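Taking it in order: structure first as structure tokens, then the write-up.
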Amino acid sequence: MTSFNPLTSILNQNKLEGPNYVDWKRNLIVLTSEDYKFVLAEECSKKPTYPTTEEVQPYDKWMKVDEMGRFYILASMVNVLPHQHQPMLSTYDMLASLKEMFGEKNCAAKQTAIKALLTTKIVEGSSVREHVLKFMSYLNELEILGVEIEKEPQVEMILQTLLDSFQ
């Protein structure tokens with residue numbers, strides 16, 4: 001009997017084909033949910049020449065997580081993309097290559113998400129919870145697309161979308 005793995009399901013259902021780059025990248029949230037986000041945004045430092053234990057542990061962790069990230073990315077591609085990206089040394093390098101190949105759609109997606117975020121206002125009588133969740137989904141999408149907004153301004157932005165009666 002095989003066990004259900006939600007990660008495998010996500011990767012199999014959302015294979016990168018090119019035109020779906022933004023949606024595919026959004027699914028890399030799998031790595032962020034497992035607290036492995038650093039391999040998506042950072043290059044690995046060089047292996048220490050004469051390492052101490054304090055230097056080896058972070059390097060080894062980065063290498064292990066990066067190997068997993070590379071596997072996730074390669075497993076979620078179709079056609080010739082895995083073959084093109086397999087020789088790359090890191091998750092970071094793979095994502096940089098993919099961004100170069102398909103990134104122009106990323107810019108349009110950012111513009112759409114920012115517009116949605118800036119025009120969102122709660123409707124009288126609607127659920128505050130649902131409104132906040134919707135707003136948070138826009139913030140998450142922007143983060144996935146590479147737009148970083150600090151937590152404190154995010155809260156302020158949400159508060160500004162509420163009606164005056166909520167203040």
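Values below: every heavy atom of this structure, side chains too, minus hydrogens, waters and symmetry copies. Because the structure is a prediction, the values reported are computed rather than measured.
Not counting sequence neighbours, T112 has no partner by the side-chain hydrogen bond (donor to acceptor under 3.5 Å, both in side chains) test. With sequence neighbours left out, E156 forms a side-chain contact (heavy atoms from CB on, under 4.5 Å) with L159, Q160. Scored by the side-chain contact (heavy atoms from CB on, under 4.5 Å) test, P58 finds no partners at all (sequence neighbours excluded).
More than 12 heavy-atom neighbours from other residues, nucleotides or ligands sit within 6.0 angstrom of CD on Q84. Within 6.0 Å of atom NZ in K64, 12 or fewer heavy atoms from other residues, nucleotides or ligands are found, so the atom counts as exposed in its surroundings.
If you take OG1 on T161 and OH on Y138, they are separated by 11.0 Å, rounding to the nearest 0.5 Å. Residue L95 holds its CG atom at 9.0 Å from NE2 of H85, rounded to the nearest 0.5 Å. Going from atom CD of Q154 over to atom CE of M157 covers 7.5 Å, rounded to the nearest 0.5 Å.
Under the 3.5 Å distance criterion, the side-chain polar atoms of K15 are matched with a main-chain donor or acceptor of A75. With hydrogens and angles disregarded, a donor-acceptor distance shorter than 3.5 Å links the side chain of T119 to the backbone of K115.
In terms of hydrophobic clustering, with Ile, Leu, Val, Met, Phe, Trp and Tyr side chains grouped at heavy-atom distances under 4.5 Å, L16 and Y92 are assigned to different clusters. Linking Ile, Leu, Val, Met, Phe, Trp and Tyr whenever their side-chain heavy atoms come within less than 4.5 Å puts F71 and V65 in one cluster. Hydrophobic clustering, with ILVMFWY side chains joined whenever heavy atoms are under 4.5 angstrom apart, groups L163 together with V155. By the criterion of side-chain heavy atoms lying less than 4.5 angstrom apart, applied directly or through intervening Ile, Leu, Val, Met, Phe, Trp or Tyr residues, L89 is not grouped with Y59; the two fall into different hydrophobic clusters. Linking ILVMFWY side-chain heavy atoms closer than 4.5 Å, directly or via other members, places V147 and L117 in a single hydrophobic cluster.
The heavy-atom pair separating M88 from M94 by the smallest distance is SD-CA, 3.7 Å. Shortest non-hydrogen contact noted between I122 and S126 is CG1-OG, 3.2 Å. Nearest heavy-atom pair, S90 versus D66, reported as atom, atom and distance to 0.1 Å: CA-OD2, 3.3 Å. The minimum heavy-atom distance linking T120 with H131 is given by the pair CG2-CE1, 3.3 Å.
Contact annotation: the side chain of W62 never approaches that of T91 to less than 4.5 Å [non-hydrogen atoms, C-beta and beyond].
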